[in-house]
2 protein chains.
Amino acid sequence: MWLYHYKMPQLNDSFIEKKDFLVKSLGQYADIPADEINLLADIFKSRNIDKGFFFLQQGDHLSTVALICSGLFRVFCTDLLGNERTLAFRRAGQFIAGYSPYIENREIWYSIQALEDAELIFINFSDYLALEKRHPCWTELTKNYMTELYIEKEDRERSLLQEDASTRYLNFKKKYPCYEKNISQYHIASYLGITPVSLSRLRASLKKD
Amino acid sequence: MWLYHYKMPQLNDSFIEKKDFLVKSLGQYADIPADEINLLADIFKSRNIDKGFFFLQQGDHLSTVALICSGLFRVFCTDLLGNERTLAFRRAGQFIAGYSPYIENREIWYSIQALEDAELIFINFSDYLALEKRHPCWTELTKNYMTELYIEKEDRERSLLQEDASTRYLNFKKKYPCYEKNISQYHIASYLGITPVSLSRLRASLKKD
DNA sequence: GACTGATATTATCATAAGATAATTACTCTT
DNA sequence: AAGAGTAATTATCTTATGATAATATCAGTC
């Protein structure tokens with residue numbers, strides 16, 4: 001298990017070179033007019049997070065949204081016994097966030113940890129909400145992004161209800177072929193909802209066939 | 001298992017009396033200006049669906065959104081072996097929909113069935129998308145509604161990953177105390193992701209304590 | 001190349017849930 | 001009230017996964 005604690009990510013000034021990547025990533029979800037794009041340079045900041053460190057931790061009230069420019073993250077929660085369950089993996093081009101603003105007075109119940117050294121650009125949620133008030137394109141973007149997240153979770157629910165662990169593992173490999181090399185069995189198992197020992201046994205039985 | 005087939009719901013002309021209920025229900029998610037509200041009478045239609053019949057069925061491309069004015073629905077999918085898995089229950093004041101417009105060229109993979117005689121008002125998705133183009137309040141509404149759905153699914157994922165069947169059953173009873181009387185054990189079990197036989201055994205072991 | 005710590009595998013046993021079938025309890029209709 | 005059909009329980013057996021511990025593999029460091 002990871003024993004790293006929260007570490008304030010390093011600020012750096014390479015935002016400019018990441019702006020194109022941000023614009024492209026935002027463009028997946030909505031058309032953002034040039035005027036709005038020009039506002040971003042002031043409010044987006046650039047940071048690195050080393051492997052093993054956290055973007056946010058369970059219990060935080062911290063509210064930021066970040067775009068992953070490079071690196072790999074896992075989103076996970078921990079139960080009272082310390083067992084970790086991985087909800088999702090996130091890679092370059094995807095966003096990570098704590099959604100607490102949508103749930104008033106509620107702590108974030110998951111953590112987001114870098115599995116590789118990572119570069120991020122991020123924005124405070126309060127600044128983002130101000131953008132939404134300025135121009136409807138940002139609401140449109142949030143709507144489309146939330147819809148994508150929702151569909152991802154719908155699919156995950158179906159998988160957890162309908163498939164056995166073996167099928168879930170095979171589908172994980174199919175869906176994330178590149179991930180398998182970079183993610184430990186411990187983390188894959190916690191995504192599949194089984195123990196690492198079960199996953200190992202499962203892999204052994206698949207090899208036989 | 002239900003053997004009813006799809007039945008075109010009955011059209012009736014009692015939309016006016018349901019308009020207040022619609023306005024109140026929409027108001028949960030966004031402020032809709034009076035001008036926009038006035039457009040609704042033309043495009044919303046009112047229908048009833050009898051117990052056992054479907055609002056939509058797995059494989060449909062049908063795209064409508066409906067507000068439940070009375071009655072109870074379950075959203076479920078069926079695997080290749082015919083096993084049903086219930087994704088959610090929906091009651092008066094909640095919306096039901098097929099989201100296929102968001103997933104191009106993809107069939108809806110779940111069915112929505114009335115568990116009680118139900119009254120609905122509904123709108124075609126294409127008409128709703130036209131509203132979104134007219135005024136940003138509708139995009140705002142969709143954004144907030146999708147966020148609520150997303151949070152519901154996030155919670156469900158955590159539950160399926162982290163809790164055993166017994167805990168999930170107790171939490172189901174806590175969350176939906178009124179549902180328990182109206183929903184068969186078969187449907188509760190399919191929501192919990194276990195067989196009805198398992199649920200029955202589980203209930204017996206809970207009674208002992 | 002040997003030591004160390006982290007990961008992954010394998011083995012053993014215990015437990016929860018699935019499959020099937022038989023039984024009991026309800027509900028509705030006549 | 002009897003019978004039919006549906007829903008829920010109980011019993012038996014099987015299987016998948018969990019818990020724990022021992023071993024094996026791998027990566028990094030000196």
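First the proteins, then the strands, lettered A, B, ... as listed; each starts at 1. Predicted model only: the values in this text are computed from it and were never measured.
A/Leu115 has its CG atom 11 Å from the P atom of C/dT7, to the nearest Å. Rounding to whole angstrom units, NE2 of residue B/His187 and P of D/dA8 are separated by 10 Å. Per the geometry, CD belonging to B/Gln185 stands 14 Å off C1' belonging to D/dT10, to the nearest Å. Between the OH atom of B/Tyr186 and the C1' atom of C/dT27 there is a distance of 20 Å, rounded to whole Å. Whole-Å rounding puts the B/Asn182 CG to D/dA7 P distance at 15 Å. Rounded to whole angstrom, the span from the CD atom of A/Glu163 across to the C1' atom of C/dG18 amounts to 17 Å. What separates CD of B/Glu84 from P of D/dA7 is a distance of 11 Å, to the nearest Å.
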**OP:** Let me see the working for B/Thr142 and B/Thr139 under side-chain hydrogen bond (donor to acceptor under 3.5 Å, both in side chains), right down to the final yes or no.
**Re:** CA-CA 5 Å; B/Thr142 309; B/Thr139 306; over 6 Å; no
Original post:
Between A/Gln185 and A/Ser200, does a side-chain hydrogen bond (donor to acceptor under 3.5 Å, both in side chains) hold up when you go through it step by step?
Top reply: CA-CA 8 Å; A/Gln185 307 244 6; A/Ser200 177; over 6 Å; no
Can you tabulate the close N/O pairs, meaning under 3.5 Å, that link protein atoms to atoms of nucleotides 23-29 of chain D?
none

Protein-nucleotides 15-20 of chain D N/O pairs closer than 3.5 Å?
{"from": "D/dT17", "atom 1": "OP1", "to": "A/Ala165", "atom 2": "N", "distance (Å)": "3.4"}
{"from": "D/dG18", "atom 1": "OP2", "to": "A/Thr195", "atom 2": "N", "distance (Å)": "3.2"}
{"from": "D/dG18", "atom 1": "OP2", "to": "A/Thr195", "atom 2": "OG1", "distance (Å)": "3.2"}
{"from": "D/dG18", "atom 1": "OP2", "to": "A/Ser198", "atom 2": "OG", "distance (Å)": "2.5"}
{"from": "D/dG18", "atom 1": "N7", "to": "A/Arg201", "atom 2": "NH2", "distance (Å)": "3.0"}
{"from": "D/dG18", "atom 1": "O6", "to": "A/Arg201", "atom 2": "NH1", "distance (Å)": "3.2"}

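Proximity of the aromatic rings of B/Tyr145 and B/Phe95 is defined here by a centroid distance below 6.0 angstrom, and this criterion is met. Close placement of the B/Tyr191 and B/Phe172 rings is indicated, their centers lying within 6.0 Å of each other. Between A/Phe76 and A/Tyr110, the ring centre distance reaches or exceeds 6.0 Å.
With salt bridges taken as basic N to acidic carboxylate O contacts below 4.0 Å, none links B/Arg85 and A/Glu154. Comment: A/Lys51 does not engage A/Glu116 in a salt bridge, judged by the lack of any side-chain N to carboxylate O separation of less than 4.0 angstrom.
Each of A/Gln57, A/Arg74, A/Glu84 was checked for a side-chain contact (heavy atoms from CB on, under 4.5 Å) with A/Gln113, and the lone residue meeting it is A/Arg74.
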